[in-house]
Amino acid sequence: DGVAARAAMAPGAMDKHMQESVNRLVQELVGSSSGSALRRILVRARPESLVPPAAVRATIVRAARASFARSVAALSPRQMASLVFKAVKRVFAGIFGGRRRGKAGA
């Protein structure tokens, strides 16, 4: 019934649609034969099996770098400044946000 998924999430962390999707996924993993097969794979998995071979890694890295370069090249200076500002703001909110909420609740 999705109890495990609901217990793992903080209230308000997901919208209703996302919560329903997570509940369906948990039910599928717990109750189905395909979920059983996936659980067996996860239990037997080793970190070495999750890392792609060196030749594939090099290709993935090249593609990621090329994609990043295209994305950055398409940004205007104003867009770049906006993204940097938002990133810095999120970092500070993450660092100091919890302290403010704690003081306000006291």
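We count residues from 1, following the sequence as given. Since we're looking at a predicted model, the values are computed, not measured.
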Pairs of donor and acceptor atoms involving the side chains of residues 79-89, under 3.5 Å and at least two apart or interchain, shall be tabulated with distances.
residue, atom, partner, partner atom, Å
Q79, OE1, S76, N, 2.8
Q79, OE1, S76, OG, 3.4

Heavy-atom donor-acceptor pair, S71 side chain to S67 backbone, under 3.5 Å: yes
From the list Q19, E20, M18, side-chain contact (heavy atoms from CB on, under 4.5 Å) partner of K16 resolves to E20
